[in-house]
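These values consider heavy atoms only, across backbone and side chains, with no hydrogens, waters or symmetry-generated copies. Just so we're on the same page: letters track the sequence lines, and every chain starts at 1.
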Amino acid sequence: MANITIEQVKHVAHLARLALTDEEAEQLTKDLAAIIQYAEQLNELDTENIEPTTHVIDMKNVMRKDEPKEWITQEEALKNAPDHKDGLFRVPAILE
Amino acid sequence: MPLFDHTIKELEEKIHNKEISVQDLVDASFNRIREVDGEIHAFLTLNEENARQKAKELDESEEKSGKLFGMPLGLKDNIVTKGLRTTCASQILDNFHDPLYDATVVQKLQNENGITIGKLNMDEFAMGSTNENSSYTPVRNPWNTDHVPGGSSGGSAAAVAAGEVLFSLGSDTGGSIRQPAAFCGVVGMKPTYGRVSRFGLVAFASSLDQIGPITRTVEDNARVLEVISGLDPMDATSVNLDVPKFTDALTGDVKGLKIGVPKEYLGEGVDPEVKESVMQALKVYESLGATWEEVSIPHAKYAVAAYYLLSSSEASANLARFDGVRYGVRTKNADNMIDMFKKSRSEGFGEEVKRRIMLGTFALSSGYYDAYYKKAQKVRTLIKNDFEKIFENYDVIIGPTTPTTAYKVGEKINDPLLMYVNDITTIPVNLAGAPAITVPCGFSENGLPIGLQIIGKHFDESTVYRTAHAFEQATDYHTKRPQLGGANK
């Protein structure tokens, strides 16, 4: 696998919704390269015919009834919000 | 003798005989916190008013019922508590003073009349092995405050070791209950994946996370797990199995028990003192009529790499919810919404959390998913198979909980990779979904605790407890106490 570039790191930061300073981007480029290089050792293993484990316990989907239930009120849902107005979460402008 | 040197059962009797009141227990807890928490920083938030009120109510009540009646407990701060601040030791949740509900485990503890004393410090979002990733003052090890308590449930382990609470809950994704419990000389259990509901546990890596108890004795641990286990309609990964009475398994009898000892757990990188303590422990088991043989987990060396890909990928998705919209801290200077997301997250998350979100986002990004995430899931299968194969012939697997004793503060923090590799003994167990406990099995020459790890088959916590208890009863390591704040009264 190719080395990690600073451009890649900046792209991934955008995907992850993180704003990095230039120093942070440089440091993360080094850190990720080292970690990914370490992870490359997994390629020593032939896993062609191995099923991936997505759930470690032998269990089938269990369905429950889909019923409405009292949970939280609108007032409660808003009480920890940094900003709200007229019963809604308020955020900065989405469109210019 | 300090009250918290007694087991839950003994304290229950003392309450029943009116030798002590619940208020005495709660006083003991807050007094001890006042006395020593300035040295170890285990608590982030105290629940003093409510705890004292509850103690008074219990003392006045006619019916003294509940498996944890009046017992003071602490909760890792990634376990959500209604109306009680829950921060995950992160600045992004610094203002989260009023959570809307209790985690299922908290409800269960309350149903049995346990008393929540406060919320315990941790590595931010449970990412770390030293507590140095807490965004508040990091926890120090009660046995020697120049050393770390381990992580990520460092506060949960240190608070129990220091006698601030009788027991605590932690969470374990790659060793975060067992490693700090070993470093602090207490008993820590990671139950089988699915045994305990995770509803209300702030998710780190959902295919690995599991809540479990930290206590001073195996008996107390078994009792607390009985309380918190079981199917929960609010957690689709909790399993529909009867919860055994784990305390009934504590017979002291391990005659004929077959123990497998993985050679990978006693090889390179394992401190000679740790190895010696484990070998001594195996002799104890021999003297009790158990037998042991060397076994192998051939894919153990790949566990750390697979774990960091899987856990970071899942974390990058789970931590997307922290966006400064519905709760938590929002940046003060944003021009538009995307900018607000980015700045709130960047200001709110610490360095290690950002590193793992970046690694996870990279591993899941287009073109890399198969090479990293899926590959790691396949390697996980190989590791799970390694364990299953051993368990065809052995009842439990035993080895050290950690390769070394507690690190010095500052010793490891600067090299993430070096830090990750030290989790080699705990991580494979999470990948396999198996239950595992750590019990004290010795001390290093400089007086730091060493932990013995006992791993069991899926949903066979009973055998794990029986094995741990037999060792505990045959030794006296669990009776040793750290010297903090002068006399440990």
Electrostatic pair B/Lys378-A/Glu48, nearest N-O below 4.0 angstrom | no
Do you know which of A/Asp31, A/Leu42, A/Ile72, A/Leu15 has the most heavy-atom pairs with chain B at a distance under 4.5 angstrom?
-> A/Leu42
Considering only heavy atoms, which portion of A/Phe89 lies under 4.5 Å from any heavy atom of chain B: side chain, backbone, both, or neither?
-> side chain
Side-chain contact test, heavy atoms from C-beta onward, threshold under 4.5 Å: evaluate it for A/His14 versus B/Lys342 and give yes or no.
-> yes
Heavy-atom distance under 4.5 Å to chain A: side chain of B/Ala363, backbone, both or neither?
-> neither
How about B/Lys354 and A/Glu24: do any of their side-chain heavy atoms sit closer than 4.5 Å?
-> yes
Of all the heavy-atom pairs spanning B/Arg355 and A/Leu32, show the shortest one and how long it is.
-> O-CD2, 4.2 Å
Which pair of non-hydrogen atoms, one from A/Pro52 and one from B/Thr381, has the smallest distance, and what is that distance?
-> C-OG1, 3.5 Å
Check whether any side-chain heavy atom of A/Leu18 sits under 4.5 Å from a side-chain heavy atom of B/Phe349, and report yes or no.
-> yes
Taking every non-hydrogen atom, the tightest pair across B/Asn336 and A/Pro92 | C-CB, 3.8 Å
A/Tyr38 and B/Lys301 have their tightest heavy-atom pair at OH-O, 4.5 Å
Of the backbone (N, CA, C, O) and the side chain (C-beta and beyond), which part of B/Leu359 lies under 4.5 Å from a heavy atom of chain A, both, or neither?
-> both
Part of B/Ala432 lying under 4.5 Å from any heavy atom of chain A | backbone
What part of B/Tyr193 lies closer than 4.5 angstrom to a heavy atom of chain A: side chain, backbone, both or neither?
-> both
Residue B/Thr192 versus chain A: region with a heavy atom under 4.5 Å | side chain
Most heavy-atom pairs under 4.5 Å with chain A, out of B/Asp98, B/Val239, B/Leu319, B/Thr361, belong to B/Asp98
B/Arg330 and A/Val91, any side-chain heavy atoms less than 4.5 Å apart = yes
Quick one: does B/Lys375's side chain have a donor or acceptor within less than 3.5 Å of a partner on A/Ala39's backbone?
-> no
Of the listed residues (B/His97, B/His299, B/Arg326, B/Arg380), which shares the most heavy-atom pairs with chain A below a 4.5 Å separation?
-> B/Arg326
A/Thr54 versus chain B, the contacting section by heavy-atom distance below 4.5 Å = both
Option that, when pairs with chain A are counted at under 4.5 Å, heavy atom only, ranks first among B/Asn240, B/Val304, B/Ile357, B/Asp339 | B/Val304
Looking only at side chains, do A/Glu40 and B/Tyr372 share a donor and an acceptor under 3.5 Å apart?
-> yes
Cationic N near anionic O, under 4.0 Å, A/Arg17 to B/Asp323 = no
Identify the two heavy atoms, one from B/Tyr368 and one from A/Gln8, that lie closest to each other, and give their separation to 0.1 Å.
-> OH-NE2, 2.8 Å
Under 4.5 Å to a heavy atom of chain B? For A/Lys69 that would be side chain
Atom group of A/Leu28 that falls short of 4.5 Å from chain B, counting heavy atoms | side chain
A/Gln37 versus chain B, the contacting section by heavy-atom distance below 4.5 Å | neither
So, do B/Leu100 and A/Lys79 sit near enough that their side-chain heavy atoms are less than 4.5 Å apart?
-> yes
Below 4.5 Å from any heavy atom of chain B, which atoms of A/His84 appear? Answer side chain, backbone, both or neither.
-> neither
Check each atom of A/Asn43 against the heavy atoms of chain B and say whether the ones under 4.5 Å are side chain, backbone, both or neither.
-> both
Contacting region of B/Leu431 [heavy-atom separation from chain A under 4.5 Å] = backbone
With rounding to the nearest 0.5 Å, note down the distance linking OG1 in A/Thr53 to CG in B/Asn385.
-> 7.5 Å
Taking the side chain as every heavy atom from C-beta outward, state whether B/Met340 and A/Pro82 have any pair of such atoms under 4.5 Å apart.
-> no
B/Lys384, part contacting chain A, at a heavy-atom distance under 4.5 Å | side chain
The interface call for A/Glu51 against chain B, heavy-atom contacts under 4.5 Å, is backbone
Looking only at heavy atoms, what is the nearest atom pair of B/Thr237 and A/His55, with distance?
-> CG2-CE1, 3.9 Å
